[in-house]
Each structure stands twice: as structure tokens, then as C-alpha cells.
Amino acid sequence: MPALVLLGAQWGDEGKGKATDLLGGSVDYVVRYQGGNNAGHTVVVGDQKYALHLLPSGILSPGCTPVIGNGVVVDPSVLLSELSGLNERGVDTSKLLISGNAHVITPYNVTVDKVTERFLGKRKIGTTGRGIGPTYADKINRVGIRVQDLYDESILTQKVEAALDVKNQLLTKLYNRRAIAVDQVVEELLGYAEQIKPYVTDTVLVLNQALEEDKVVLFEGGQGTLLDIDHGTYPFVTSSNPTAGGACTGSGVGPTKISRVIGILKAYTTRVGAGPFPTELLDEDGEALRRIGGERGVTTGRDRRCGWFDAVIARYATRVNGLTDFFLTKLDVLTGWEQIPVCVAYEIDGKRVEELPYSQTDFHHAKPVYETLPGWSEDITKAKSFSDLPKNAQNYVKALEEMSGAPISAIGVGPGRDETIEINSFL
Ligand code: GDP
Ligand code: IMO
Ligand code: MG
């Protein structure tokens, strides 16, 4: 089983960092294939807690080579500060590899992200303000800066000039902001170039050679299925493809190499930023999920919106990703509820709908149809096997599995590495 993908099955923050870290000790490479430092992956190892944004969670496993693939957008200042933060805590980061084809988040991309959101007013997306969307827009518009451009000053200057020609018109004439000087941007980017150089390589070649040698490669998604630019709740999405196909385009590894796709699925639902969310709870249950689940953004510190589990979304994630397994996380957070509602379908304009509607209007009108499952009150954080769970917790898991379309192969009962029930091995 050479290559597996691990990705978010909902709107992000499902516990991808923990799941990746759990497998990190048994794989040779962990690859980020999309997104950038909009991600916030929490990993708890013993009494140490790490928040990773741009770096793959595999960086915390000594035997593993962490890779930033071509599909990622890299803010060099964030990269260097994340690396030095880990080094100060004794983590060896010397094995990191960065694709020379990954795009660079420049200071003007960050500015454009912020001013665009302000300009949108109440129609804003609620982005993380990290320059993600504008950097992908430059990539698609073919005016992006790639990591390899940092090593040719003349090309870098020409590209920054071309990008700023248009952006400065927008900034000064539309957004009423000051123009950004080409020299200043070039100087700042060149300042990072030498520090990053030891990591930069042809990651497509490295990963494909590794697979030829039967090494195990794990692809770690940022964000989640419903934030995917193609398959998510557009326009309230991120500007890349966290879904399984993105692992191929964002790494240069072909789909025939991928044998397993694991969807990380929270036992309830959360979302950060704007956009539709049928099972959102604006009452004390929502507040309790937020408090007990510690649902606060790792990147922006914003409170996450919380709601009950939505099986329509889980089924959709199974389909668009070709999921082979689920890793159900945060089951422990639901301990203490007498009854737990689960959304099994939607009602849209008076009709029952079993599958996610493709129409944005319909999805905005979707009201959850709930089935209520009996809860449990016993502490489950020490459970090591499925049979250690109280009967009602077992039944909750079985019901979710039946509704969601793929086997639940692991269950998270706490944030720590060892607070996991393994049902089927992933490797
Ligand atoms: P990611 O972005 O998908 O990596 O998820 P985040 O790190 O943003 O959010 C998940 C949060 O839940 C983190 O604080 C994790 O430490 C925590 N977590 C992960 N799995 C579990 C679990 O099974 N139980 C509990 N209680 N917390 C968990
Ligand atoms: P992880 O990897 C949750 C959301 C933002 C916003 C939308 C677009 O921790 O699961 P962007 O800055 O990407 O252009 O913002 O996407 N978003 C996330 N929500 N978890 C994340 O990452 C997210 N990354 C982006 O809140 O709604
Ligand atoms: Mg997160």
C-alpha cells in the first residue's frame, strides 16, 4: 500500500493533524498538496501541543520526510518562523522538502486578500486573511511567483513588476490604498531565498522515485471537502482542491498510485467563516459543543460555528473523494447528552432530499431532518477498543457508519496520540 490520502470530510478542523501524526511514525513521507498557512492542524504529543499551519504534520515524526508539494502556496516568512519555532522546541526540521513549483504568497497577495474582504462588506467570505485566494488567482492568471523564481533576480523582478502593474491600479484607484513598490517586494523575497534554498527540490521526482522503491507516502489535506473550490459550498470555500483529486495535481503523483483515501470526520460538525451550514446550532447545545470541543480556530482564533452531525455531507464526502475509510474524531465531546440528533436528510422547499443538492439556492434552503439517537454519560477517553465503549456510543458509531457510506476504521476519544480506538489498520 504505497500511497494514502488523509483529508477533511466536512468544513475543516476535523482532526487531520492528529490523524496524520498518528500515522507519521509508520510512513516515509508526509506531503501537503494544497492550501497554505490558512490551515491550522493541532498535534498533541504527550504533554506537548503543536499548532502547524504550513508544515506537514509529519514533521513531528523523526523518521518521516515532510514535503510541501507543488499545489501548496508558501508564505516564506511564515515558513521560516514556523521552522524556527519548532527548532527552538528541539524538533529536527532538516529533512523538509519544498517543491520549486509551489507558488509564493507575496506581501501584496496578503494585502489584496484583506482589502477585498473589506470591500465585500457583509458579502465577505470570512477568509483567514493569509493571501491564499489572491495567490491562487495569480497562479491561474499566470502572473504568480514560484519558489524557483526566488533564485533568479531578473526573472523575479520582471514577474513582480507584471503582477504589480495591475494590482497597483486596483489598490490605488479602486481600494484607495497606497501603491506597493516593486523593489521593496523583490528585496523582501530575496531576503528569504537563501534560507529556504536547502529545502527546495523537484518533489515530483522525489515522490515518484520513493513510490517506485515501495516507500509509504501519506498525503495530508488542508481544509475539508466542503471548502473545496470545485466540490464545496462555493463561493464560501477556499481557493484550492482539498478533495482527493487535489492530492494528485498538488504532488505530481498519479491516481493509480493511491490505494486508500481516509476521510477525517468529526462526530458533530463545525465551520469557520461565512456560508451555509444546515445543522448549525445557535442555542445552548451549540455553545456546549464549542466549549467542550474547544472549538476555536487554530489560525485566526475565531469561534467555530457548531452543529449536529450531518450524514448528507458525510455521504457526499464519500462520493467525491472515493473514500475507503473514515476516521471518526471527537466522539468524547458528545459524552453527556441524553439524546443526540443526527441529520439524515434535508427538507428543501417542502421536499425530502437525501443527497447534497448541487444548486447553491437549494442548499441555502436546506433544513435538516433529524433522527435522534440515545446518548451516553460514561467517560470514554480511556477506551482502547470498540467493545470498551458504552453500548449507546457503539450504536452511535454504527449508525453514522451506515449513513455515511464507508467503514469507520478509527475513533478519536481525546486529542492525544494514544486516545484513539483502532478498528482496521490503515497500513
Ligand atoms: P485539523 O485542522 O483538521 O488538523 O483540526 P484542528 O487541529 O484545527 O482541530 C481539531 C481539534 O480537536 C484540535 O484541538 C485537536 O487537538 C482536537 N482533537 C482531535 N481529535 C480529537 C478527539 O478525538 N477528541 C478530542 N477531544 N479532541 C480531538
Ligand atoms: P484546516 O486545515 C477551517 C476557511 C476560512 C474561510 C474560507 C476561505 O485547519 O482544516 P481562505 O483564507 O482559505 O481563503 O478562507 O475557508 N478555512 C478554513 N476553515 N479550517 C481550515 O483549515 C481552513 N482554511 C480555510 O475560514 O471561510
Ligand atoms: Mg484546523
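Counting starts at 1 for both ligands and their atoms, in listed order. The structure presented is a predicted model; accordingly, all values stated were derived computationally and were not measured.
When rounded to 10 degrees, the angle formed at the Mg ion (ligand 3) by OD1 (D13) and O (G40) equals 160°.
At least one heavy atom of K16 sits less than 4.0 Å from an atom of ligand 2. Not a single heavy atom of G294 sits less than 4.0 Å from an atom of ligand 1. Using 4.0 Å as the threshold, T270 has no heavy atom nearer than that to any atom of ligand 2. The closest approach between a heavy atom of F236 and any atom of ligand 2 is not below 4.0 Å. The closest approach between any non-hydrogen atom of G222 and ligand 2 is below 4.0 Å. Between Q223 and ligand 2 there is a heavy-atom distance shorter than 4.0 Å. Residue contacts with ligand 2 do not include G8, since none of its heavy atoms lies under 4.0 Å from the ligand.
The shortest N or O to N or O distance between L331 and ligand 1 is not below 3.5 Å. Checked against a 3.5 angstrom limit, the closest N/O atoms of N38 and ligand 2 fall inside it. By the 3.5 Å distance cut-off applied to N or O atoms, D113 is not counted among the residues near ligand 2. Ligand 1 has an N or O atom lying under 3.5 Å from an N or O atom of G15, backbone or side chain. At under 3.5 Å, a nitrogen or oxygen of R302, whether backbone or side chain, sits near a nitrogen or oxygen of ligand 2. Considering backbone and side-chain atoms alike, V333 places every N or O at 3.5 Å or more from each N or O of ligand 1. Where the criterion is an N or O separation shorter than 3.5 Å, residue side chain and backbone included, S239 fails it with respect to ligand 2. On a distance-only criterion, G133 and ligand 2 share no N/O pair closer than 3.5 Å. Residue G129 places no N or O, backbone or side chain, under 3.5 Å from any N or O of ligand 2.
Ring geometry for W11 versus F277: interplanar angle of 30 to 60°, hence tilted.
Within ligand 2, counting atoms from 1 as listed, the ones closer than 4.0 Å to a heavy atom of A39 are 1 (P), 2 (O), 9 (O), 22 (O).
The option with the heavy atom closest to atom 12 (O) of ligand 2, from among V298, T128, I229, is T128. Closest to atom 9 (O) of ligand 1 by heavy atom, among Q10, K330, R304, is R304. The option from G126, G36, G232 that lies nearest to atom 5 (C) of ligand 2, judged by heavy atoms, is G126. When the options K49, E419, K18, K16 are ranked by their closest heavy atom to atom 3 (O) of ligand 1, first place goes to K16. Of all the listed residues (G12, P415, G224, A267), P415 holds the heavy atom that lies closest to atom 18 (N) of ligand 1.
The 12-atom threshold is exceeded at NZ of K398, counting heavy atoms of other residues, nucleotides or ligands nearer than 6.0 Å.
Protein heavy atom nearest atom 4 (O) of ligand 1, with residue, atom name and distance: G17 N, 2.8 Å. Among protein heavy atoms, the minimum distance from atom 26 (N) of ligand 1 is reached at D332 OD2, 2.7 Å. Looking only at heavy atoms of the protein, atom 2 (O) of ligand 1 is closest to G40 O, 2.7 Å. When only non-hydrogen protein atoms are considered, atom 22 (C) of ligand 1 lies nearest to G414 O, 3.2 Å. The protein atom (non-hydrogen) at minimum distance from atom 7 (O) of ligand 1 is T42 OG1, 2.6 Å.
Neither the backbone nor the side chain of I264 has a heavy atom within less than 4.0 Å of ligand 1. With a 4.0 Å cut-off on non-hydrogen atoms, D13 touches ligand 1 through its backbone as well as its side chain.
Side chain to side chain, T93 and N87 meet the donor-acceptor criterion of an N or O pair below 3.5 Å.
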Would you be so kind as to tabulate the donor-acceptor pairs closer than 3.5 Å made by side chains of residues 280-288, with sequence neighbours excluded?
from, atom 1, to, atom 2, distance (Å)
E280, OE1, R305, NE, 3.4
E280, OE1, R305, NH2, 2.9
E280, OE2, R305, NE, 3.0
D283, OD1, D285, N, 3.1
D283, OD1, G286, N, 3.2
D285, OD1, W337, NE1, 2.9
E287, OE1, R290, NH2, 2.9

(message) Please determine whether side chain to side chain donor-acceptor pair (under 3.5 Å) holds for the pair T372 and Q339, giving the CA-CA distance in whole Å, both sets of side-chain angles, and the decisive distance to 0.1 Å.
(response) CA-CA 6 Å; T372 301; Q339 301 284 328; 5.3 Å; no
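Remark: F386 pairs with no residue by the ring-ring contact (aromatic ring centres under 6.0 Å, His included) rule, at least two apart or across chains.
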